[in-house]
Amino acid sequence: MEFPTGYVTALDAMNRHVNSARPDAPVQVERPRRALLAPTRQAAAGALHRLADRIQPRPMPSTPRCS
């Protein structure tokens, strides 16, 4: 072998790759992120709901029929 460093590096990378998918692999806890734009999103949603209520077509008034 002319380049033993490359061989050792390749084996190490292969071992890390194969062992990372094991069921007992170490797991990093995922912390929930703080919602930065939640108040802005809620205000925009409320405004859009009010706008949709105002521009929604209303049913035609029923005209009295002669019988």
Side-chain angles (χ1 to χ4, degrees):
M1 308 264 310
E2 293 181 22
F3 300 108
T5 306
Y7 179 73
V8 170
T9 305
L11 279 179
D12 183 46
M14 185 268 311
N15 281 332
R16 275 189 275 128
H17 174 70
V18 169
N19 291 331
S20 68
R22 297 181 70 165
D24 59 345
V27 177
Q28 293 180 350
V29 177
E30 186 174 328
R31 295 183 181 97
R33 290 179 23 185
R34 188 170 54 115
L36 297 175
L37 297 176
T40 305
R41 226 179 310 132
Q42 288 176 345
L48 288 172
H49 279 290
R50 285 192 298 276
L51 179 64
D53 288 340
R54 294 197 107 206
I55 64 173
Q56 179 180 9
R58 293 200 169 97
M60 296 291 291
S62 62
T63 57
R65 294 187 178 167
C66 297
S67 47

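Separation of atoms CD (Gln56) and CZ (Arg54) is listed at 13.0 Å; rounding is to 0.5 Å.
Under the side-chain hydrogen bond (donor to acceptor under 3.5 Å, both in side chains) criterion, the residue pairs touching residues 8-17 are Asp12-Arg16, with sequence neighbours excluded. For residues 35-52, the set of pairs meeting the side-chain hydrogen bond (donor to acceptor under 3.5 Å, both in side chains) definition, not counting sequence neighbours, is empty.
Residue Tyr7 is grouped with residue Val18 when hydrophobic side chains (ILVMFWY) are merged at heavy-atom distances under 4.5 angstrom, including chains of intermediate members.
Ile55 belongs to a hydrophobic cluster with Leu51, counting contacts under 4.5 Å between side-chain heavy atoms of Ile, Leu, Val, Met, Phe, Trp and Tyr, direct or through other members.
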